[in-house]
Amino acid sequence: MTMSGSLEYMKAAIDEARLSGVDIPVGCVIVHNNEIIARCANKREKKNDVSAHAEILALRQASDILGNWRLAGCKMFVTLEPCPMCAWAVLNSRLEEVYFGSYDLKYGALGSKINLVNISNFKTKVFGGIMEDECNKILKDYFLELRK
């Protein structure tokens, strides 16, 4: 995948993050054959569902579209490094690659705090820091507004 392709898909994930409403602004897209097949934002508050993280919702969408929970050949672009719940779902879905923007030093499970790839049979390739400044700004602005 070219860097320009990665940026195009990360921009789509950022657009999704901006749709998070009252939720922490995290957006996610899943790409198959160079086409976005799933796009979601966090919806924990909206759905009153602890598992309604952008990544989990996107995995469900992609699985429905492809008719298979195994997402080999797919790539995920997400604005924040996945937490342990999402990272384990990502690894078990057999995604080929994950690209994320902001590093999550507190809960990141694909390299920052812990790296679940190290204990998984599925060796998804992970690339962090894609459009990191823009992803960080969305989160920073959200929390600044929340504290007002």
Side-chain angles (χ1 to χ4, degrees), residues 1-21 23-45 47 49-143:
M1 172 157 297
T2 67
M3 183 51 82
S4 62
S6 296
L7 295 179
E8 172 192 341
Y9 299 130
M10 186 57 78
K11 286 177 185 175
I14 289 169
D15 289 344
E16 288 301 310
R18 291 188 174 116
L19 300 175
S20 291
D23 280 286
I24 295 172
V26 176
C28 180
V29 301
I30 295 179
V31 175
H32 182 255
N33 292 334
N34 297 317
E35 180 183 339
I36 294 174
I37 61 167
R39 56 176 67 230
C40 293
N42 269 355
K43 293 182 181 169
R44 287 187 311 174
E45 299 297 332
K47 291 181 170 276
D49 178 355
V50 70
S51 70
H53 290 207
E55 300 96 321
I56 299 295
L57 297 172
L59 288 169
R60 289 176 184 158
Q61 257 186 27
S63 294
D64 286 346
I65 288 166
L66 296 177
N68 196 331
W69 63 267
R70 293 172 189 88
L71 301 177
C74 291
K75 297 169 178 48
M76 175 182 279
F77 295 81
V78 61
T79 58
L80 178 64
E81 180 181 1
C83 70
M85 174 182 71
C86 294
W88 199 246
V90 162
L91 293 170
N92 278 278
S93 72
R94 296 158 170 83
L95 282 170
E96 183 178 320
E97 298 173 353
V98 174
Y99 298 81
F100 67 84
S102 296
Y103 289 87
D104 187 342
L105 301 179
K106 191 170 185 178
Y107 298 112
L110 290 179
S112 290
K113 184 67 173 183
I114 60 174
N115 191 348
L116 293 179
V117 174
N118 292 337
I119 61 169
S120 172
N121 290 330
F122 312 106
K123 301 303 179 193
T124 300
K125 295 176 187 161
V126 178
F127 306 92
I130 311 297
M131 297 183 69
E132 183 178 8
D133 291 342
E134 190 165 352
C135 293
N136 286 344
K137 182 175 178 355
I138 291 168
L139 290 166
K140 182 180 175 186
D141 291 349
Y142 169 82
F143 287 109

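Being a predicted model, the structure only gives us computed values, none of them experimental.
- For Ile36 against Arg39, the heavy-atom pair with the smallest separation is CD1-NH2, 3.2 Å.
- Screening Tyr9, Tyr99, Tyr103, Phe77 for a ring-ring contact (aromatic ring centres under 6.0 Å, His included) with Phe127, the sole residue that qualifies is Tyr99.
- Between atom OG of residue Ser63 and atom CD1 of residue Ile30 there is a gap of 7.5 Å, rounded to the nearest 0.5 Å.
- In this structure, Lys43 and Asp49 have side chains that are not in contact, with every pair of non-hydrogen atoms separated by 4.5 Å or more.
- Checked options Ile56, Val26, Leu59, Leu91; the residue passing with Cys86 is Ile56 (criterion: side-chain contact (heavy atoms from CB on, under 4.5 Å)).
- Residue pairs meeting the ring-ring contact (aromatic ring centres under 6.0 Å, His included) criterion with at least one partner in residues 23-44, sequence neighbours excluded, are absent.
- Arg94 places a side-chain N or O within 3.5 Å of a backbone atom of Asn92 that can act as its donor or acceptor partner.
- Considering CG of Asp133 and OG of Ser102, their distance stands at 9.0 Å, rounded to 0.5 Å.
- Here the side chains of Ser51 and Arg60 are in contact, with some heavy-atom distance below 4.5 Å.
- The minimum heavy-atom distance between Cys40 and Glu16, with the atom names listed, is O-CB, 3.5 Å.
- Among residues at least two apart or in separate chains, side-chain hydrogen bond (donor to acceptor under 3.5 Å, both in side chains) pairs with a member in residues 111-125 are Glu81-Ser112.
- Rounded to the nearest 0.5 angstrom, Cys74 SG and Leu66 CG are separated by 5.0 Å.
- Phe100 and Val126 get closest at one heavy-atom pair: CE2-CG1, 3.7 Å.
- Minimum heavy-atom separation, Ser20 to Ala41: OG-CB, 3.5 Å.
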| request: Take Arg18 and Glu134 through the salt bridge (Lys or Arg N to Asp or Glu O under 4.0 Å) test and state the conclusion after the steps. | output: CA-CA 12 Å; Arg18 291 188 174 116; Glu134 190 165 352; 3.1 Å; yes
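- Remark: Asn42 CG to Cys28 SG distance equals 9.5 Å, nearest 0.5 Å.
- Contact record, Val50 with Arg44: O-CD, 3.4 Å, taken as the closest heavy-atom pair.
- Considering all non-hydrogen atoms of both residues, Lys47 and Leu57 come closest at CE-CD2, 4.4 Å.
- Scanning for ring pair (Phe, Tyr, Trp, His ring centres under 6.0 Å) contacts around Tyr142 gives an empty result, with sequence neighbours left out.
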| query | Does the side-chain contact (heavy atoms from CB on, under 4.5 Å) test come out yes or no for Phe122 and Val90, once each step is laid out? | reply | CA-CA 10 Å; Phe122 312 106; Val90 162; over 6 Å; no
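- Distance check, rounded to the nearest 0.5 Å: OG1 of Thr79 to CG of Asn136 gives 10.0 Å.
- Here Lys11 contributes atom NZ and Ser6 contributes atom OG; the two are 11.5 Å apart, rounded to the nearest 0.5 Å.
- Between Asp104 and Cys83, the closest side-chain pair of non-hydrogen atoms is not below 4.5 Å.
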